[in-house]
Amino acid sequence: MNTRYTVKGGLRLMLAMFLLAAGNCSAQLRLTGDASAAFVKSENGSSQYVVDNGRGTFAWQFDLFADAVISDNIFFLSTVRMMQDQVLHVDLLEIRMEDILSTGINAEVGEIDIPFGDLAERRFPISNPFYNLPITHEHLTTLRNSNYSLWPFDDRYVLNGDGMRLLDLGLYDLGAKLYGSLSIFDLSVAVINGMMSSTTEYSSNYSSVGLNRTGGLGKVVRLAATPTTGLTLGASYAVGPFLRQNTSAVVEYNAADALQKIVEGDLNFSRGYFSLYGEAFYNIWEVGNFLQADLKAFGYSLEGKYALTPRFSVAARAGGITFNDVALSIYESGGLYLPFSGPWDRDVFRLEGALGYRLDRAALVKAVYQWNRTYNDLRDPHDNLLAVQFVVGF
């Protein structure tokens, strides 16, 4: 079960893992991880991308990977993460069974890595040349997470972290996955509790909302092909309910009728000292039954990295999201409904540049600058960001 822990409970869990590694005789358990410390300074505008109201601040992150070999084809894998919020987040907690009945089919159950896109090791600071995930995984929309009202006039709720994402950070969820390979093709199929916009990875209060908060299950399929060494092309599709069944929504709705449908394509290319990764998606939130219009968005991200020397590298990334026009009535505080016509969120674009220097094979220093641009507004908020991050792997 995925849950959240206080720092004391998190430290106890870490200690238990180390004791298990030291005293377990029947399984081969390996502990690895990475730790990072960063200095972050953003501009002080009215934007969700601003950090600490523009005050320079230090931040840290710790990832621990615990993998155990149970038998020749049965494995246990887990990833826990703690940041400066001092809450231990269990990202991955799965049992993996490989080559079931000699068919070449593999299975994973538990808190799994959702087979959508190819984010892979970019989730972790030691492998990510930038400070954040792509903007497509982090942007908070104007659809309010707590009661599913839409606020295109006023994004104060978004600034407070109450907007819904299109892609939910690293994309882990409780579920089951089957996958296998045939020639140059890899196929994965998964069933999960949540959906791409609303994974249950960091949800809490299970006793009141249950493990499956939507009343349905998400279905995900991914097909990837590797036609030549260093090049992988992939496509993913997911469909399922993404809204909670129990919530204080402004307008009544049936969660099973509110579906997220999203299709994605990606490429991963590397040759010599150069690597390239890109992805694009088209998302539909079918909420017309209670918000009078379906909400649609197109997002993309493209990044490249080049190693100038064995120690020194440069990287750049560009990404953005655009939103469809809608015509509907918007609920305002006080019980008023105001007519609205236009994009249901502001189009956004981010350009990033990064310099990386390896002090050692397992130690990296990064300097990253982000240029953030917001459209469909009277003025672009001041929200560019500079981050200097030191990462070690072990």
Side-chain angles (χ1 to χ4, degrees), residues 1-20 31-40 42 48-53 55 57-67 76-94 110-114 119 122-128 131-133 137-140 144-146 157-165 167-175 192-194 196-213 244 246-247 387 389-394:
M1 177 187 299
N2 179 26
T3 187
R4 304 178 68 188
Y5 302 89
T6 62
V7 63
K8 182 182 292 185
L11 292 175
R12 287 174 177 171
L13 178 61
M14 291 181 193
L15 178 60
M17 285 182 171
F18 280 108
L19 291 176
L20 179 62
L31 292 174
T32 58
D34 61 53
S36 66
F39 177 78
V40 185
S42 70
Q48 61 179 281
Y49 308 132
V50 167
V51 177
D52 278 7
N53 296 316
R55 300 184 299 270
T57 183
F58 288 94
W60 61 270
Q61 178 175 314
F62 175 73
D63 297 289
L64 180 66
F65 315 117
D67 304 330
F76 167 78
L77 300 95
S78 66
T79 301
V80 296
R81 169 173 293 183
M82 184 180 289
M83 297 175 285
Q84 55 276 348
D85 59 4
Q86 298 189 21
V87 175
L88 193 71
H89 304 278
V90 180
D91 288 349
L92 184 73
L93 192 74
E94 69 177 32
E111 187 85 9
I112 64 172
D113 173 8
I114 302 174
L119 197 60
R122 292 171 189 81
R123 296 177 174 93
F124 308 107
I126 195 68
S127 303
N128 183 4
Y131 180 66
N132 299 105
L133 294 178
H137 288 259
E138 296 199 334
H139 178 75
L140 298 171
R144 194 177 177 189
N145 188 49
S146 58
Y157 291 114
V158 175
L159 299 182
N160 291 331
D162 198 29
M164 287 201 67
R165 291 184 174 90
L167 295 175
D168 195 7
L169 295 175
L171 295 179
Y172 299 94
D173 206 347
L174 286 165
I192 56 176
N193 274 358
M196 302 303 100
S197 293
S198 53
T199 66
T200 56
E201 174 190 0
Y202 290 115
S203 65
S204 58
N205 198 17
Y206 282 145
S207 60
S208 63
V209 301
L211 287 171
N212 186 345
R213 301 174 299 164
R244 292 189 303 273
N246 301 318
T247 186
Q389 187 179 42
F390 179 55
V391 191
V392 294
F394 56 90

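Remember, it's a predicted structure, so these values are computed and weren't measured experimentally. Residues take their numbers from the sequence shown, with the count starting at 1.
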How long is the gap from [atom1] on [X] to [atom2] on [Y], to the nearest 0.5 Å?
| X | Y | atom1 | atom2 | result |
| --- | --- | --- | --- | --- |
| Thr79 | Glu94 | OG1 | CD | 8.5 Å |
| Gln389 | Asn132 | CD | CG | 9.0 Å |
| Met82 | Gln61 | CE | CD | 11.5 Å |
| Met83 | Phe62 | CE | CZ | 13.0 Å |
| Tyr49 | Leu159 | OH | CG | 10.5 Å |

Suppose we screen for salt bridge (charged side-chain N to carboxylate O under 4.0 Å, His left out). Which residues come up paired with [X], at least two apart in sequence or across chains?
| X | result |
| --- | --- |
| Glu138 | none |
| Asp34 | none |
| Asp67 | Arg30 |

Minimum heavy-atom separation for [X] and [Y], please, with both atom names.
| X | Y | value |
| --- | --- | --- |
| Leu31 | Ala66 | CD2-CB, 3.4 Å |
| Gly163 | Leu140 | O-CD2, 3.2 Å |
| Arg123 | Gly170 | NE-O, 2.8 Å |
| Ile114 | Tyr172 | CD1-C, 3.9 Å |
| Leu93 | Ser78 | CD1-CB, 3.7 Å |
| Thr199 | Leu171 | CG2-CD2, 4.2 Å |

Q.
Show, in sequence, the C-alpha distance, side-chain angles and deciding distance for Ile192 and Ile112, and conclude whether the side-chain contact (heavy atoms from CB on, under 4.5 Å) test is met.
A. CA-CA 9 Å; Ile192 56 176; Ile112 64 172; 4.2 Å; yes
Quick one: list whatever passes side-chain contact (heavy atoms from CB on, under 4.5 Å) with [X], sequence neighbours left out.
| X | result |
| --- | --- |
| Ala59 | Gln84, Tyr131 |
| Arg144 | Ser146, Asn147, Ser149, Trp151, Tyr157, Asp162 |
| Phe39 | Lys41, Phe58 |
| Ser127 | Glu121 |

(Q) Could you tell me if the side chain of Leu92 sits less than 4.5 Å from the side chain of Glu111, heavy atoms only? (A) no
(Q) Is there a side-chain contact between Asp63 and Pro125 in this structure, where contact means two heavy atoms from C-beta onward sitting under 4.5 Å apart? (A) yes
Q: Could you pull out all residues at least two apart from Phe65 that satisfy ring-ring contact (aromatic ring centres under 6.0 Å, His included)?
A: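 Phe124.
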For [X], which residues count as a side-chain hydrogen bond (donor to acceptor under 3.5 Å, both in side chains) partner, sequence neighbours excluded?
| X | answer |
| --- | --- |
| Ser197 | Gln260, Trp285 |
| Thr57 | Asp52 |
| Arg122 | Glu303 |
| His137 | Glu279 |

Q) Quick one: does Ser42's side chain have a donor or acceptor within less than 3.5 Å of a partner on Val51's backbone? A)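 Checking the backbone N and O of Val51 against the side chain of Ser42, a donor-acceptor pair under 3.5 Å is found.
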